[in-house]
Amino acid sequence: MGRSIDRRDFIQGVAAATAGSAIAMAAPSAFAKAGMGPKGAALSGVNVDGAVTAANYPPFRTGMRGHHPGAYEAAHEMRDGKVFPAGDPTGEMYDLVVVGGGISGLAAAWYFRERFGNDAKILIIDNMDDFGGHAKRNEFQASGKQLIANGGSSYIVGPSFWTKDSIALVNHLGIGPGNPTDRSDGNLYKSLGLESGTFFRKEVYGRDQMVKGGSTLRFDRAWLDQTPFPPAVKESLDRFVNGKTDYLAGMSAAQKVETLRAMSYRDYMLNVAKVHPDVVPLMQGIWCLGSDMGSAWFAFFRHRPGFEGLGLERPANSPEGETIHHDDYHLPAGNSDIARLIVRDLIPDALPPGNFAEVETKRVDYSTLDRPGQKVRIRLKSIVTGVKHEGPDGRLFDPDTSECTVNYINDGKMMAVRGKNVVMACMNNVVPYLIPELPEEQKGAMHQAVRAVNQVTNVLFRNWQPFVESKVGRVSFPNTFYGSMGLAAQRYLGEMTPPTSPDQPMVVGFGTGSNSGVCSNTTMLSELCGGAAPEPGTYADDQFRMARAGLLATPFEYFEKAVRSQAAAVFAGTSFDPARDILAITVNRWGHGFATGRNTLFEADREAKVSPTTLAKQPYGRITIANSDAGGVSTAGTAMDEAFRAVRELEQRQFGFYEVI
């Protein structure tokens, strides 16, 4: 831990805008000091097989990923008033240009081809150096072992409840349970004596201490008695989490619901349940929200502690409820596995043939994505700066034959392509800067799509022997920057096999807490904001903005040091050496993460008579809107639904019947 961690501003920032940034971004400098190689993925301690390197295979890239340097700066310049010039025409004309290569953009391209035929020429433009948007695959190769991890959008939520269109796409891709190779081994860690533990840091609790067998959200009295909490905190925590007090006694069920809807979860804890203030951060917020950012009713719906004595029935279909939870389907690399299969359907030789299980370990050939002459092309590292209709308005009743020009930056050059149709599958809040001619009401509605802030950190350990020596498989950290650390699941799929021996390399996840939302971890939020966290009760969107600014301003070294220091503290006294045993770190930061929709705890969102999502997704000539913002829900199913709607809006169905005559 005494080794210095060099700054890598040039590596993570300036170099990211260059053609060689793929190599540069794979180079955590502390690892280079430990004797790692000078280029490619080897800089992060990864032995890459064959010709596949971090230079030509984005999932291998480590360091600051997600919203990585070079992917967003031009968009921020547009936000701040910069007007980019028109691009040099490439001479390309497409039937459809899709702005954004996430799940929604890929689904829009797929559905457009289904509707208009295999000869449709389609271009997908994305600002990042990989497709999939928040559906991000992290991959490592060490000691001959391929390791796959999810870096963003996690899983398919409740597919049985998806619309016909969306589930039809998933079924077409062949994704789903039932593959004979698909299984998880939940017994290996148990057979090695590994259990969950909670680690109390000396910086907060006076001394480092591990207490096994529980967490602040689920524990028994034996666990609680071992913790360093003061007696008053212990009593309050036990009463709130394990007790069944009716804190709203004397109210009818309807009155209880109204009361819970009118207050935040934080206020419920402090003013109704009257918990000790130190208990509040231990509850880890609600979903991606801090406890002051969502209503107590939302907390009850999402199965947070403290409501067992109220006698209320939860609304159906909570994501944490049995119905949805048992219907969820997880893929090893999260929803990036869906994105890969859509890409293969659009560009068949991008990924080898085989069912979804058989190709799990296969790698996309990125050189196939933007080849001249093919019907569908995906153009990465290209930031769109403007979309504009061209040509005069047509006559009433005639089919709309106007076209659009799409301007973008690629490799520092301003370029332009033309499209007969455009689907804006980027985030809503950037669209008004790209299409300033939109109606003011629509632009205002789009700016209301303020997303949550998320992070997912995956760390490659040389081996997982320290976990075995410590007899823990997952550790939670109260009031600490990273809220959790845990071994990857023992998942099998196709040819993918997990590391079953403790002497093999392993991906260890460092989480925000019970989910990836930064605002749900008050310590991480405060540290990212330089110690000046938002005041409790601050409008949720403003808290997201503050968290986003802090996340983007925090260098990779800060995350790296937190990983090394927290792991070193947990594994003190074992064979673990953070300088030797941590081979690579991938921080997937999502400044614009989950779509959140309206939050009726706050007056600004309660006042809207019509959902801003309805106003924001109106078509504008040959331009339509597709993204999870358009539905206000952060699921892959929503992203697909909105893509299908956007494509349907591009179809011209007049045929003698007209809305305007």
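Only a predicted model underlies this, so the values are computations on that prediction, with no experimental measurement involved. All residue numbers in this chain count up from 1 along the given sequence.
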Practice prompt. From the options Asn127, Val384, Val431, Ile623, select the one residue that forms a side chain to side chain contact (heavy atoms under 4.5 Å, CB included) with Val99.
Written response: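 So, applying the side chain to side chain contact (heavy atoms under 4.5 Å, CB included) to Val99 and each of Asn127, Val384, Val431, Ile623, only Val384 qualifies.
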
Does [X] reach the main-chain N or O of [Y] with its side chain, forming a donor-acceptor pair under 3.5 Å?
| X | Y | result |
| --- | --- | --- |
| Trp110 | Val343 | no |
| Asn521 | Thr512 | yes |
| Asn627 | Met427 | no |
| Asp129 | Leu380 | no |
| Ser520 | Gly285 | no |
| Asp130 | Lys136 | no |
| Glu390 | Cys404 | no |
| Gln652 | Asp400 | yes |

Worksheet item: In terms of the angle between their ring planes, are His592 and His76 parallel, tilted or perpendicular, with boundaries placed at 30° and 60°?
Response: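 The arrangement is perpendicular - the two ring planes meet at more than 60°.
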
Practice prompt. Measure up the Phe298 and Trp287 rings against each other and bin them: parallel (under 30°), tilted (30 to 60°), perpendicular (over 60°).
Written response: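 Answer is perpendicular, since the angle exceeds 60°.
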
Worksheet item: So Asp411 and Lys381, salt bridge (charged side-chain N to carboxylate O under 4.0 Å, His left out) or not? Walk me through it.
Response: CA-CA 8 Å; Asp411 196 20; Lys381 294 190 291 185; over 6 Å; no

Discussion item. Test: salt bridge (charged side-chain N to carboxylate O under 4.0 Å, His left out). Region: residues 414-430. Which pairs qualify, not counting sequence neighbours?
Written reply: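 For residues 414-430: Asp95-Lys420, Glu403-Arg418.
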
Practice prompt. Any pair with a residue in residues 516-529 that passes salt bridge (charged side-chain N to carboxylate O under 4.0 Å, His left out), sequence neighbours left out, goes on the list, sorted by first then second residue, please.
Written response: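 Passing the test, one end in residues 516-529: no pairs.
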
Discussion item. If you apply the rule side chain to side chain contact (heavy atoms under 4.5 Å, CB included), what do you find for Asn458 with Asn588, and how did you get there?
Written reply: CA-CA 8 Å; Asn458 290 312; Asn588 301 276; 3.9 Å; yes

Item to complete: Using the salt bridge (charged side-chain N to carboxylate O under 4.0 Å, His left out) rule, take Arg648 and Glu651 through it: C-alpha gap first, then chi angles, then the decisive distance, then the call.
Response: CA-CA 5 Å; Arg648 285 194 294 268; Glu651 299 181 34; over 6 Å; no

Worksheet item: With a 3.5 Å cut-off and no angle check, do the side chains of Asn138 and Thr586 form a donor-acceptor pair?
Response: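 No pair is found: no donor N or O on one side chain lies under 3.5 Å from an acceptor on the other.
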
Fill in: Heavy-atom pair with the smallest gap, counting every atom of Asp629 and Asn428
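The answer is OD2-N, 2.9 Å.
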
Are [X] and [Y] close enough that their ring centres sit under 6.0 Å apart?
| X | Y | result |
| --- | --- | --- |
| Phe300 | Tyr268 | no |
| His447 | Tyr433 | yes |
| Phe131 | Tyr366 | yes |

Worksheet item: So Phe510 and Phe559, ring pair (Phe, Tyr, Trp, His ring centres under 6.0 Å) or not? Walk me through it.
Response: CA-CA 10 Å; Phe510 280 71; Phe559 293 87; over 10 Å; no

Worksheet item: Do Glu92 and Arg379 meet the salt-bridge criterion of a basic N to acidic O distance under 4.0 Å?
Response: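 Salt bridge present between Arg379 and Glu92.
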
Item to complete: Carefully, step by step, assess Ser166 and Asp641 under the rule side chain to side chain donor-acceptor pair (under 3.5 Å).
Response: CA-CA 6 Å; Ser166 296; Asp641 284 344; 2.4 Å; yes

